[in-house]
Asker: 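I'd like to ask some things about the structure below.
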Amino acid sequence: MRRFDLGINERLLTDLNQSQIDAVTYLKGPQIILAGAGSGKTRVLTRKLAWLVSCGGYSPWDILAVTFTNRAAAEMRSRVEEILGMSVRGMWVCTFHSACLRILRTCHIEAGLSDNFVVYDANDSLDAVKEALKSLSSRGSDALESGVKPGDIQARISMAKSRLITPETFQQQGDELYDELTEEVFSGYEACLARNNALDFDDLICRAIRLLRSNEKILQRYRGKFKYILVDEFQDTNIAQYEFVSLLCEGHKRICVVGDDDQSIYSWRGAMPGNMMDFIGRFGSLEGSQELKVSQLLENYRSTSAILQASHDVISQNLMRTKMDPLIPMRGDGEMPLHYIAASEREEAAFVTTTIDWLIREHDYCLDDFAIFYRTHAQSRGLEESFLRRGIPYRVVRGVAFYSRAEVKDIFAYLKIFVNPEDDLALKRIINVPTRKIGKTTIGKMETAAAASGLSLYSWLLAGGHVKSLPKKAVEAVSAFLEFLQFQMERSRTLPLAEFFSDFMDDLGYARQLKNSVKPEDRQRAENLDELITIVQEYSHISASIADDSHAADSSGALSSAVDYDDSLFFRTVSEGLQGFLQYVSLVSDADFLDSEMGLEPEPGIMERGSVSMMSVHSAKGLEFKAVFMIGMEEELFPHFNCMSTAEAIDEERRLCYVAMTRARDRLFLTSTVSRRIYGKKTNPSTSRFLMEIDSEHIIQEYSRALRWMQDW
DNA sequence: CACGCGGATATTTTT
DNA sequence: TATCCGCGTG
Ligand SMILES: Nc1ncnc2c1ncn2[C@@H]1O[C@H](COP(=O)(O)OP(=O)(O)OP(=O)(O)O)[C@@H](O)[C@H]1O
């Protein structure tokens with residue numbers, strides 16, 4: 001093969017067009033790549049990372065590459081290693097959250113954090129908001145009475161924090177987020193996290209920034225370390241994240257960001273697509289070697305032009321777009337997208353399975369080629385039933401749902417306490433799980449007494465507070481609980497993680513109780529707990545093998561040895577054991593494991609390998625599939641009824657639709673129904689406006705047989 | 001203090 | 001349709 005005659009440098013540039021080559025090889029200064037859907041930005045970023053190492057004179061550990069998901073990070077890392085034929089272990093390829101957590105762990109003392117801090121996920125943080133509301137006593141309960149939703153307050157606080165706003169600056173800077181109640185809860189919330197030794201997701205970024213701003217030495221250290229910074233999906237970064245990378249690249253300004261504002265789909269959680277224009281403004285005024293390079297990638301290599309045409313019809317309805325030339329299709333016409341109209345949800349699902357069957361039989365598709373996207377997770381149900389009936393293997397990306405299950409949260413609350421006993425929130429959660437005859441009144445009494453003595457619940461118990469202040473029935477129960485905690489805590493520190501955990505679950509007897517229950521939903525709960533044991537086992541297995549590995553090799557300076565990476569674990573936290581596990585699971589999600597589960601598990605008796613992927617349109621970002629189904633293309637569902645009140649929200653829904661459509665390589669099927677059950681009530685949805693926006697020449701419409709039959713009447 | 005019943009309520013998306 | 005919450009009973 002001719003290929004092998006080329007040097008590594010030429011090889012890095014093969015199969016790239018001229019704009020891609022320019023983007024890869026420009027190393028002098030700041031750079032922004034405006035990369036339309038399917039234009040090869042992932043390819044460019046990967047090649048650029050390889051180029052930096054093999055031609056730019058950079059070492060892997062000089063580079064920070066920030067991605068949107070752990071999945072994207074793992075994929076990028078492994079592709080770079082594949083190209084270079086070497087490990088790039090020292091390179092930081094990770095999400096903002098992982099990078100910041102890593103910095104905070106490494107410098108926890110300077111950051112003013114105890115070494116056993118824990119990370120609160122969205123569920124925990126909602127509990128903290130409720131707690132803060134409660135501590136406002138009557139003002140809080142009044143608010144709840146009058147219909148204030150804790151989730152709404154949480155969203156405002158999170159949004160504020162993503163703009164680097166603190167309770168102190170909230171009033172001046174909070175803008176549309178501000179109201180008095182939120183301000184009060186905000187302070188209480190921050191105090192609550194501090195008391196519990198916990199950081200929420202937003203804290204990871206803000207606290208890292210605060211650390212860098214306040215500690216010149218550390219700032220210089222990281223500025224010196226990261227000689228080149230790349231950011232993927234820049235249109236979905238928030239203010240804090242932008243500030244984080246700005247701080248780090250301050251001197252050398254060797255920063256490359258890639259984004260596409262048509263694909264901005266996270267403004268609901270604080271993402272600022274305007275960061276793109278701001279970047280151009282901020283870095284565009286520089287001269288000489290620090291001059292800004294703006295690249296546009298317009299050639300779409302992914303989709304057939306029929307698919308692109310329809311997608312373009314949709315996205316062009318958005319008026320507030322950064323002016324960018326339309327995408328240029330690089331592939332042939334292909335099959336027209338099909339809009340299938342079903343009589344019911346059931347029929348919609350049947351269409352999907354039938355079509356998959358057909359494509360596999362007649363057109364050599366395999367299961368991995370298919371993805372089904374929907375706006376809300378609830379929509380996966382009908383599909384799953386249909387797939388189970390037909391025996392088609394599938395995999396559902398469930399987002400964060402697993403960690404929101406009560407029984408799973410319970411177990412994590414235990415684990416958090418073992419690491420960080422000061423966590424009152426967690427302690428209160430599980431003090432009576434499974435039931436130990438410690439009820440509301442007892443907990444209330446203890447809380448008040450502990451607060452009065454200025455102690456955390458756990459310390460107060462250790463000091464024997466309960467013995468003096470509670471009736472003796474309660475003292476017995478509480479003492480037994482405390483003993484159990486201490487016993488397990490001790491074991492959690494001395495035993496290997498997996499061994500400790502399965503023993504603990506056994507001792508707890510929670511799963512046993514659920515298995516013996518007569519309630520049907522407890523079956524699933526018990527299964528979730530089993531799943532948890534598997535997760536722990538897998539984690540400890542993998543992290544142990546990495547540990548072995550890194551003892552043998554690596555020791556490239558204090559900063560870069562703090563975390564090691566592996567294909568199978570997205571990142572390893574600085575912390576060992578249980579704490580490391582907690583930090584790890586708090587940052588990974590279901591979607592991250594997609595690749596590792598595709599192509600696996602060939603079911604006995606089924607010739608086709610792999611499985612069909614089902615996921616929300618949000619999780620679809622960055623992926624591509626040969627055939628894509630988008631189900632539930634109906635008003636109120638997509639666009640979702642919660643997003644129909646403002647033009648901005650509708651535009652984001654439209655971008656979401658565009659992102660989903662442009663995931664398809666060869667075939668795109670869009671389905672809607674004329675009758676659907678929502679919360680058990682019948683509705684008669686009308687076709688999504690997004691489908692109406694597609695020129696009728698660009699899409700084929702097909703009514704189900706049942707509907708055609710009815711139409712004949 | 002535990003448990004069961006009934007009624008209100010709702011999931012949009014996720015690092 | 002399922003889950004959560006509050007209330008009443010044992
Ligand atoms: N120069 C090229 N020649 C041929 N194929 C290419 C080229 N560049 C990219 N591709 C192919 O185009 C497809 C899309 O590339 P990639 O995933 O990098 O796009 P992307 O810009 O990340 O997409 P999106 O922004 O929509 O997520 C991939 O299948 C990739 O292999």
Side-chain angles (χ1 to χ4, degrees), chain A residues 66-73 94-101 119-123 125 130 144 147 149 151 154-155 158 161-162 199-205 233 236-238 240-241 264-271 345 373-382 397-406 432-444 471 473-474 477 517-521 524-525 570-571 585-592 615-621 632 636-644 649 652-653 655-657 659-660 676-682:
Chain A
V66 187
T67 59
F68 193 70
T69 61
N70 295 299
R71 202 202 104 262
C94 56
T95 63
F96 277 104
H97 298 272
S98 315
C100 290
L101 173 60
V119 179
Y120 272 9
D121 68 15
N123 297 309
S125 113
K130 288 179 186 155
L144 289 176
K149 277 168 287 169
Q154 180 197 27
S158 169
K161 289 174 82 165
S162 81
L199 299 185
D200 67 15
F201 279 123
D202 301 303
D203 281 327
L204 294 176
I205 319 289
E233 307 280 10
D236 278 323
T237 54
N238 62 34
Q241 293 164 339
S264 160
I265 55 174
Y266 281 94
S267 68
W268 53 272
R269 70 173 199 208
E345 206 174 349
F373 303 149
Y374 34 76
R375 178 67 238 269
T376 71
H377 286 296
Q379 294 170 257
S380 75
R381 269 187 79 124
V397 176
R398 280 202 176 75
V400 292
F402 181 73
Y403 296 99
S404 321
R405 306 280 314 193
N432 203 29
V433 178
T435 65
R436 299 188 172 88
K437 306 195 187 302
I438 305 173
K440 257 208 172 93
T441 24
T442 312
I443 296 176
K473 263 276 192 48
S517 160
V518 288
K519 293 190 206 148
E521 63 264 36
Q524 179 65 47
R525 294 195 176 135
F570 299 107
F571 55 92
V585 294
S586 70
L587 295 189
V588 298
S589 77
D590 205 19
D592 295 326
M615 70 191 80
S616 71
V617 279
H618 282 88
S619 321
K621 172 149 107 162
E636 314 260 285
L637 203 51
F638 200 3
H640 195 269
F641 66 94
N642 273 4
C643 305
M644 293 179 61
E652 181 147 309
E653 294 286 292
R655 290 192 293 271
L656 197 49
C657 180
V659 168
R676 178 184 299 274
R677 288 190 168 283
I678 289 178
Y679 302 140
K681 252 209 316 282
K682 252 208 320 283

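Below, chains carry the letters A, B, ... as their sequence lines are ordered, and counting in each starts from 1. Quick caveat, the model's predicted, so the values are computed rather than measured.
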Asker: Could you give the distance separating B/dT13 and C/dC4 at their P atoms, to the nearest angstrom?
Answerer: 16 Å
Asker: Looking at side-chain heavy atoms only, is the closest gap between A/V119 and A/H97 below 4.5 Å?
Answerer: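 A side-chain contact is absent here, since even the closest heavy-atom pair is not under 4.5 Å.
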Asker: So do the side chains of A/F638 and A/V617 get within less than 4.5 Å of each other, counting heavy atoms only?
Answerer: yes
Asker: Taking the side chain as C-beta and beyond, is there a heavy-atom pair between A/V66 and A/Q241 under 4.5 Å?
Answerer: no
Asker: Summarise protein proximity over nucleotides 8-15 of chain B in one line of letters, 5' to 3': B for base, S for sugar-phosphate only, - for none, counting protein heavy atoms closer than 4.0 Å.
Answerer: --BSBBBB
Asker: Please tell me if the side chains of A/E233 and A/Y266 come closer than 4.5 Å, counting only heavy atoms from C-beta onward.
Answerer: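 A/E233 does not reach A/Y266 side chain to side chain.
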Asker: Measuring only the P atom in each nucleotide, how far is C/dG6 from B/dT11? A whole number of Å is fine.
Answerer: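 To the nearest whole Å, 16 Å.
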Asker: Between the protein and nucleotides 3-7 of chain C, are there any N/O to N/O pairs under 3.5 Å, and if so, what are the atom names and distances?
Answerer:
none

Asker: Are any of the side-chain heavy atoms of A/Q154 and A/S125 separated by less than 4.5 Å?
Answerer: yes
Asker: Could you check if a side-chain atom of A/R436 sits within less than 4.5 angstrom of a side-chain atom of A/P434, using non-hydrogen atoms only?
Answerer: yes
Asker: Under 4.5 Å between any side-chain heavy atoms of A/E636 and A/I678, yes or no?
Answerer: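 No - every pair of side-chain heavy atoms lies 4.5 Å or more apart.
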Asker: Would you mind checking if A/E653 and A/R375 are paired as a salt bridge, meaning a charged N to carboxylate O distance below 4.0 Å?
Answerer: yes
Asker: Identify whether any heavy atom of A/D121 sits under 4.0 Å from a base atom; if not, whether one sits that close to sugar-phosphate; answer base, sugar-phosphate or nothing.
Answerer: nothing
